[in-house]
**Student:** 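One structure follows; several queries about it will come next.
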Amino acid sequence: MTDLHKLYDPRSAQEKWLPFWDENGYFDADVVRDKPSHTIMIPLPNVTGALHMGHALNGTLQDLITRYRRMQGHVALWMPGTDHAGIATQAVVERRMLEEEGLTRHDVGREALVNRIWKWKDAYESRILNQLKQLGASCDWRRTRFTLDEICSNAVRRTFFKLFGDGLIYRGKRLVNWDTFLQTAVADDEVFHENINGHFWTFTYPVVDSDERIAFSTTRPETMLGDTAVCVHPSDKRYAHLVGKNVRIPLVDREIPIIADGLLADKELGTGCVKVTPAHDPNDYACGLRNNLEMINILNANGTINENGGEFESLDRYKAREAVVAKMEELGHFVDVEDRQIPIMHSDRSKTPIEPYLSDQWFIRMDNLAQNAMDVVDDGRVSFFPARYAKTYMDWLGEKRDWCISRQLWWGHRIPIWSKTFNGRTTDIPSLEAKAMLAEDGETVVFTDELAEQLSGRYTTTDDGELLLLCVNNGCKELELQLEAAGFEQDEDVLDTWFSSALWPHSTLGWPDLEQNPPLNNEPDASSTSKNNVLDYFYPGSVLVTSRDIITLWVARMVLTGLYNMGDIPFSHVCVHPKILDGFGAGMSKSKGNGVDPLDLIDRYGTDAVRFTIASFAGETQDVRLPISYECPHCEELIDPSHYKLGKLEVVVPKTLKGEFPVPAGEPKPVLVCPNKKCRKESQFSTPLYDADPDVPVARMVSERFEYGRNFCNKLWNASRFAMMNLEGYTSGPVEENDLQLEDRWILSRLSTTATELQVLLDKYQFDAATRVIRDFTWNEFCDWYLEMVKPRLRDDNQRTTAQRVLVTVLESLLKMLHPFAPFITEELWQRLNEMAPERGLPQPIAATESIMIAPWPELPHNWQSSALESRFVRLQETIVAVRNIRAVYNIPLSTPLKLHIRCNDLVAAEMRDVAPQFDNLAKTELGDVGATVQRPSGSAGFALGDADGYIPLEGIIDREAELERQQKERDKLTGFITGHEKKLSNRNFVSKAPDQVVAEVRETLAGLKNQLESVEQIIRDLS
RNA sequence: GGACGAUUAGCUCAGUCUGGUUAGAGCGCCACGUUGACAUCGUGGAGGUCACUGGUUCGAGUCCAGUAUCGUCCACCA
């Protein structure tokens, strides 16, 4: 009848349906004018490494929404792609190059390094895309983009050009976080603070023309070389007489002023006097700007002291620190030193200390751009789910801090600025715009009119007038060649990686090319339309799904550039989902190396199980802890990572992973020994930090939490299997109203109610609640009650037809509702159902689609829902449970038949008789006397339900004492509740102040409880 | 230092927005149960003074204030 195996086999379903969907183009999203579009842009993963469970959560939710909307009739585009991730990727490749070959980027040069990074990118991009595909992601893969590809680069350069032309890009010397190892500026969000043991020195500077000395403290003595003032608080009487005088820096013999600045100096701290090094400290920098102080840079890019450091030149800054201290001591200006914990900024990428450093950078003016991005949230055009995250967004944008967009890296979008040393001939500049000419060493370089036009208004000079800077528009090779010929050079720096990802929602759709659609990867030349209708149709997008840590870095900037380039928001909803933490509560990240590869889990539990479990995590508040174990590849024993030793290296897998996990370099990789005494075999283990050796058994990372999803899938599988085993002779057609039994009406009511609830929850992005609703319906209602109740009718020729039609209807709708959560198993079951019941559904059967992916979302009649019917059913359930309870308490096996008498009113009695066969079916109990006059037979166990009392004669089986005790316990419980209610009702304030409805409810409940109590007491009297 | 979130059963989490009978689920635990949907299962059960202290209210897990602990983000620390 059916060849379904008892266990669902996820692997075979995945292998079968992924290619099927792909070949049929179900993932493809093309413009269909009379259908609504639904667009999700993937939060582009970095190509630094493989995806972890955080990405799997993110991807699952996006695919869930995409499949849901697709079934609802949208053209649902999910745009895939990856991010070059500038500094992160370059750092990974550089680190590996250094470890494996001992080479730095300066050894190999720009071109070779960039080539190496491209190779890395190719490897990881395909690995990432494969991970997404294995997850069932229904992205339009033909549209896969990469932030450095031609389409994206085009958008980057056009945006830069536009910003430059609008005067929103400027260059200036700014204090940046300088990574002396990578020799690059690092963004504020790419640094972390760490306390290290340091010292707190106190020195003095001599006041000029005075015998006085002024004392100050510092943790970085070498910065004295760059001091250009000392500062006191304006109201500090101790120093008031010194303000305006000068001090001499003994080390370099420079005279600097004593100034008063209330923002910098704090009377309570240290000596109350602070030295000012504007070029090497953020606060001092701000102070320097306020007071027009000189800014002396004392560092080279590599962290050594430069020529401004006098005799300390070319010493590393830490060596210089010692030398400076020694010199000051020698000169008699040392006061004291104490040990102190000092928070030091470190680069997230190189893990080395940051130096504040004055350097040339490009900036975007944020005032208006940020304001516009704030306005669209204010007026509700963009909304956050949950709403509180709008605050994060607004607070950050509200600062309107200019965006430093240049990075001293080789991997990224090179800044489209060409510059030339101008030897002071700044007066020639206006003539450039007028004549499109540039005088160069007596020669005249002439730009064509067309090219000159492009440069019109797109130049600037540095503050000192030494450089002429030109911003070059997209792909203008000719102009670039002419510029080169004229001695111009392109800026060495690249753009902040967020610059290109900020454009993602429109760049991927082909902007700024409004003439033709962006090419598809599998048909690169097929872009022949006269208009880019893809951009039109899919922009603005629908919802952005992301985790909260990039609301500022990414979400805000997408809104900002979307408004600037497109004049419209990039998406109307932002769905912020929880973070996946490791078992110790730390966030998973590629750099920490504590990520769990979703493929490991998919391997063990199946994709659908992983997706379903993951969706059940996605609530509104809590982050999700994911404790993991390793699975011994030899015996499948689970190995707890927190206490097990790693073979020969004697390393315990760390409790907290802070990037200090041992990465083997040329050494044998750590080995895990199975704790199972019968096994004791060795294996390597899955880690994102390096690949295991080939041909060695690898212990997968697993997490028992995913058994939740696996068990559910298996339950669904078996319920469907049961249904299909009972479809023999199935015919399609409507059902007669009179043929519908209580359980049919009930399950259809529950189905319709569940579908409504599910839809409401999905529309609010409450995935955790959605999984609960659908799971509870499937397991607790469909399987536990409906299937059990319908079994006898499926064996009865006269009743089978209606039962089959209802059963198939419910199953079909259930599969459809579950498809966005669990695409593979639902497709597998759909296909099998298609073979047995190609036409199905109520109230009117229709032909099923060839794939569940393209099936319409269930729209079930609302009038199926009946709360009266559902409460009637609840009474039946309670009665059955009460009987089962008695069986369990007295240990009466199912093989012993029971008889049940019920005392109740006529209405309930009629209902009970109506479902009499179910007592036998579900509890192996025969329904005996039912009605208002039923008396409790002696020697029986009983139960009271409020509107019905049940008696089960157990003469000879029942233990009178035990039954008495049981009933007394029940009485005490009821008495407690009743006392509580009576107390409430006797409170005059409650009766007068609480809403009438609440009071009435309490009275009603109390009456019910009293009824129950009366019945119980009756039983007790009988027993005694 | 600021912002946001969390603290509920042994574990992982719902429920709090919108206060109202006996606070739920999954896993784990206990007892019983396998000749056809499912042991990745079924039936029944035990297990929680809802972090703490105050307040508001007829009534607080739910609202308010404060405290403690944890997490995340932001800022700062001569």
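Fair warning: this is a prediction, and the values are worked out from it, not measured in the lab. Only heavy atoms go into these numbers, but all of them, side chains included; no hydrogens, no water, no symmetry mates.
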**Student:** What's the separation between atom CZ in A/R705 and atom CD1 in A/I614, rounded to the nearest 0.5 Å?
**Tutor:** 10.5 Å
**Student:** Please collect all salt bridge (Lys or Arg N to Asp or Glu O under 4.0 Å) contacts where either partner lies in residues 972-982 of chain A, sequence neighbours excluded, each pair once.
**Tutor:** A/E982-A/K1010
**Student:** Scan A/C231 against the nucleic acid and name what it touches under 4.0 Å (heavy atoms): base, sugar-phosphate only, or nothing.
**Tutor:** nothing
**Student:** Quick one about A/N1011 and A/D947 (side-chain donor to acceptor, distance below 3.5 Å, no hydrogens or angles considered), yes or no?
**Tutor:** no
**Student:** Whether A/R388 contacts B/C73 is assessed here as follows: a side-chain N or O lying under 4.0 Å from the phosphate OP1 or OP2. Is that the case?
**Tutor:** no
**Student:** Please name all residues satisfying salt bridge (Lys or Arg N to Asp or Glu O under 4.0 Å) with A/R772, sequence neighbours left out, ordered by chain then number.
**Tutor:** A/D768
**Student:** Where do N or O atoms of nucleotides 35-37 of chain B meet protein N or O atoms at under 3.5 Å, pair by pair?
**Tutor:**
unit_1	atom_1	unit_2	atom_2	d
B/A37	OP1	A/K791	NZ	3.3
B/A37	O3'	A/R721	NH1	3.4
B/A37	O2'	A/N718	OD1	2.8
B/A37	O2'	A/R721	NH1	2.3
B/A37	N7	A/K791	NZ	3.3
B/A37	N6	A/E788	OE2	2.9
B/A37	N3	A/N718	O	3.0
B/A37	N3	A/A719	N	3.3

**Student:** For a quick check under 3.5 Å, do A/Y8 and A/N718 share a side-chain donor-acceptor pair by atom type?
**Tutor:** no
**Student:** Run the salt bridge (Lys or Arg N to Asp or Glu O under 4.0 Å) test against A/K391 and tell me which residues pass, sequence neighbours left out.
**Tutor:** A/D395
**Student:** Base, sugar-phosphate, or nothing for A/V881, non-hydrogen atoms under 4.0 angstrom?
**Tutor:** sugar-phosphate
**Student:** For A/V624 and A/R884, find the nucleotide of RNA chain B closest to each by heavy atoms; which residue's nucleotide sits nearer the 5' end?
**Tutor:** A/V624
**Student:** I'd like the P distance from B/G2 over to B/A60, given in whole Å.
**Tutor:** 32 Å
**Student:** Taking the P atom of each, how far is B/C64 from B/U16, in whole Å?
**Tutor:** 14 Å
**Student:** What integer distance in Å separates A/E970:CD from B/G45:C1'?
**Tutor:** 14 Å
**Student:** Mind listing the N/O atom pairs, protein and nucleotides 22-30 of chain B, below 3.5 Å?
**Tutor:**
none

**Student:** If a stem is a run of at least 3 consecutive Watson-Crick or G-U pairs, both distances under 3.5 Å, which stems include RNA chain B?
**Tutor:** B:1-7 with B:68-74, B:10-13 with B:24-27, B:29-33 with B:41-45, B:51-55 with B:63-67
**Student:** With RNA chain B as reference, determine whether A/N714 or A/E620 sits nearer its 5' end, using the nearest nucleotide of each.
**Tutor:** A/E620
**Student:** In terms of side-chain heavy atoms, does A/H333 have a donor or acceptor partner in A/T204 at a distance below 3.5 Å?
**Tutor:** yes
